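Letters go in sequence order (proteins before strands), and every chain restarts at 1. Note: hydrogens, waters and symmetry copies are ignored here, and every other heavy atom, side chains too, is used. All figures in this text were calculated on a predicted structure; none of them were measured in a lab.
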Amino acid sequence: MNDQTQAEKEESRSPVSFIEQIIIDDLKAGKNGGRIHTRFPPEPNGYLHIGHAKAICLDFGMALKYGGKCNLRFDDTNPVKEEVEYIDSIKEDIRWLGFDWEDREYYASDYFGKLYDFAIDLIKRGLAYIDDQPADVISAQKGTPAQPGIESPYRNRPAAESLDLFERMNKGEFEEGSRVLRAKIDMASPNMQMRDPIIYRIIKAAHHRTAENWKVYPMYDFAHGQSDYFEGITHSLCTLEFEVHRPLYDWLVDQLKTGEYRPQQIEFNRLNLTYTMMSKRKLLELVQEGRVTGWDDPRMPTLCGLRRRGYTPESIRKFIDLIGYTKVEAINDVSLLEHAVRDDLNIRAPRIFAVLNPLKVIITNYPEGKTENVELINNPEDLSQGTRQIPFCRELFIEQDDFMENPPHKFFRLTPGGEVRLKGAYIIKCTGLKKNQATGEVEEVYCTYDPETRSGDNKSERKVKGTLHWVSAEHAVNAEVRLYDRLFSHEDPAGQKDEDYRNFLNPDSLKVLKGCKVEPMLAGAKPLEKFQFQRLGYFCADYDSTAGKPVFNRTVPLKDTWAKINK
RNA sequence: UGCUCCGUGGUGUAAUUGGCAACACGUCUGACUCUGGAUCAGAAAAGUUCAGGUUCGAGCCCUGACGGAGCAACCA
């Protein structure tokens, strides 16, 4: 019960977005019969990315919070761009994020019949007409944002003629691009969207659901609002760029509706992340050009990429919650996302010893052939995760960075003549080293250990400045570790005027380390299992591992305070 | 030179409907010392794009500038 009051406090403390306020007010006013019903409407033309997560969390989140429903609706009105492959991935990613549309899986294509009938109705009422002009002429007649358009010569053709033409368009009698259906609204409207928008076009391509049934397909504007209406959506939440479409949305639904009910379109700011590109088209280019290994490349901002990188759904939801929904076009700092990930993984991921760049340490006074197990706490943030035993013996590996022959001031790790504790084991003292004659690199470090100082024995009061992680040379498992950095070096790669965001691709976005040594138990790491490699960062076992050798993706590095000291 | 939307610390969001500008991230200090690169304590940092107006009182209301974004696909 203490938890509940705590949760309530959290609840009352978190700010309410303007959208949530609208919903609260509508519910209070009894609008739509006190009902809230939202929808998440992806076009199945690509994989979902973290920008979509923002929409998903809002659409599903608001419905969940206020006792409503949220539909999943595929906006599949353009058969040439859409594929079933994407539908499956979209469903998987939404579920992974933790949301459920239950049995409400819909498709805009489900409404093609109704939309066609509605189009016929508009023609009969003199509110739509067939235009025989080519695209460039129609476009030119629309005018510019600053100047009104002019009316098409076909604008006032008899309804019967339009009707006949529309039916024949759908029978396939005309070529693509030869004719379109337009709503008759206002060519002089200050809003370009209202200048007799095209609502149907001829496309002679197979649709993934309706096959060859249709030769004419509705445009987005002619499908979205009506689909909302058919499904009883109350709050149709979309991104800011659809703001100028709202009058058209309302106009079309008004021609369709019979009662009081009309879905309400509300716009919010889309997610922009520093050093991240969110455009589906450009992400597709990266995949096609082989600049990444696929949609699920761990550097991609796609949900499947983030998943493979080791992000948890909880961390993504937490992040979305932190950034909020407004009408300001914001650029959110990736460090906020990374904070959310660290925060979540800190409690979740067990601490494991791993050495990325091994340096051999030989304990000269430790018996050859002897092995003993030492006990380590799996997660100091969550003691319920228990302890584990790891083998200690004469030859070990430590991180190269943990030894310096000529240390700077405040370097508390191993140095010639210096002492450190091996975490969980003994205090050791460096007595010598072996260098490579040619390169001058340190190849081996020789130490002695003090048998009285074993951790947990609690006998000695001795303290040393540094504590190192280590792995037994004999027992350690070889692993490949992939260090990922941001894909782009520019703060806003997608915000550039030109198309060459490619210039900002970070050449060091992937660093593969092959000779890493990890604790024996990691040989059996399950795909997507998360760990904190002590002192190095959070890592995630990759399902794309090769030939039985464990592969780990670095999810996010720990904040490195030592780096500053060394500089 | 049209229409629509938006301007609050470095970043992102708040401000009980007009009452001392708050929170988070980031940054910087310090503490803790079998290292948790966690945790704890603290600091710097905006007077709300600008100029007027209404008001006892304006981030909030009004007017006008300035700045940014979106809109001229048979894409969504």
Please verify the inter-ring angle class for [X] with [Y]; under 30° counts as parallel, over 60° as perpendicular, anything in between as tilted.
X	Y	answer
A:His245	A:Phe242	perpendicular
A:Trp295	A:Tyr47	parallel
A:Tyr366	A:Phe392	perpendicular

Students often get this wrong, so: under 4.0 angstrom with heavy atoms, is [X] touching a base, only sugar-phosphate, or nothing?
X	result
A:Val180	base
A:Gln133	base
A:Asn191	nothing
A:Ile331	sugar-phosphate
A:Leu336	sugar-phosphate
A:Asp221	nothing
A:Pro41	nothing
A:Gly177	base

If you check every side-chain atom of [X], which of [options] has the closest atom?
X	options	result
A:Ser139	B:C75, B:A38, B:A73	B:A73
A:Lys327	B:A72, B:C74, B:C6	B:C6
A:Lys142	B:A76, B:A72, B:C25	B:A72
A:Asn346	B:A76, B:C5, B:A38	B:A38
A:Glu241	B:C6, B:A38, B:G70	B:G70
A:Leu322	B:A73, B:A72, B:A24	B:A24
A:Ala330	B:G26, B:U13, B:C74	B:U13
A:Pro145	B:C3, B:A76, B:A72	B:A72
A:His245	B:A72, B:A76, B:C75	B:A76
A:Glu43	B:C34, B:A72, B:A76	B:A76

For this session: For A:Asp76 and for A:Val16, locate the closest nucleotide of RNA chain B by heavy-atom distance; then report the residue assigned to the nucleotide nearer the 5' terminus.
Result: A:Val16
For this session: With RNA chain B as reference, determine whether A:Thr467 or A:Gly143 sits nearer its 5' end, using the nearest nucleotide of each.
Result: A:Thr467
So, is [X] close to the [N] phosphate, meaning a side-chain N or O under 4.0 Å from OP1 or OP2?
X	N	result
A:Thr77	B:A76	yes
A:Arg201	B:C75	yes
A:Asn269	B:U13	yes
A:Asn332	B:U11	no
A:Thr326	B:U13	yes
A:Arg351	B:C34	no

Seminar exercise, completed: With A:Tyr116 as partner, the option from A:Tyr217, A:Trp214, A:Phe222 fulfilling ring-ring contact (aromatic ring centres under 6.0 Å, His included) is A:Trp214
Rounded to whole angstrom units, what separation is found between the [atom1] atom of [X] and the [atom2] atom of [N]?
X	N	atom1	atom2	value
A:Lys204	B:C74	NZ	C1'	14 Å
A:Met194	B:U4	CE	C1'	13 Å
A:Ile427	B:U35	CD1	C1'	14 Å
A:His469	B:U33	NE2	P	22 Å
A:Ile198	B:C74	CD1	P	4 Å
A:Asp136	B:C74	CG	P	10 Å

[N] glycosidic torsion: syn (within 90° of 0) vs anti:
N	answer
B:A72	anti
B:G7	anti
B:U33	anti

Problem set entry | Single hit among A:Leu422, A:Ile427, A:Val464, A:Ile428 for side chain to side chain contact (heavy atoms under 4.5 Å, CB included) with A:Thr453 | A:Ile427
Exercise. Out of A:Glu173, A:Glu175, A:Glu176, which one pairs with A:Lys204 under the salt bridge (charged side-chain N to carboxylate O under 4.0 Å, His left out) rule?
Worked result: A:Glu175
Problem set entry | Per-nucleotide pairing state of RNA chain B [Watson-Crick or G-U, under 3.5 Å; [ ] pseudoknot-crossing; | other strand] | .((((((..((((.....[..)))).(((((.......))))).....(((((..]....))))))))))).....
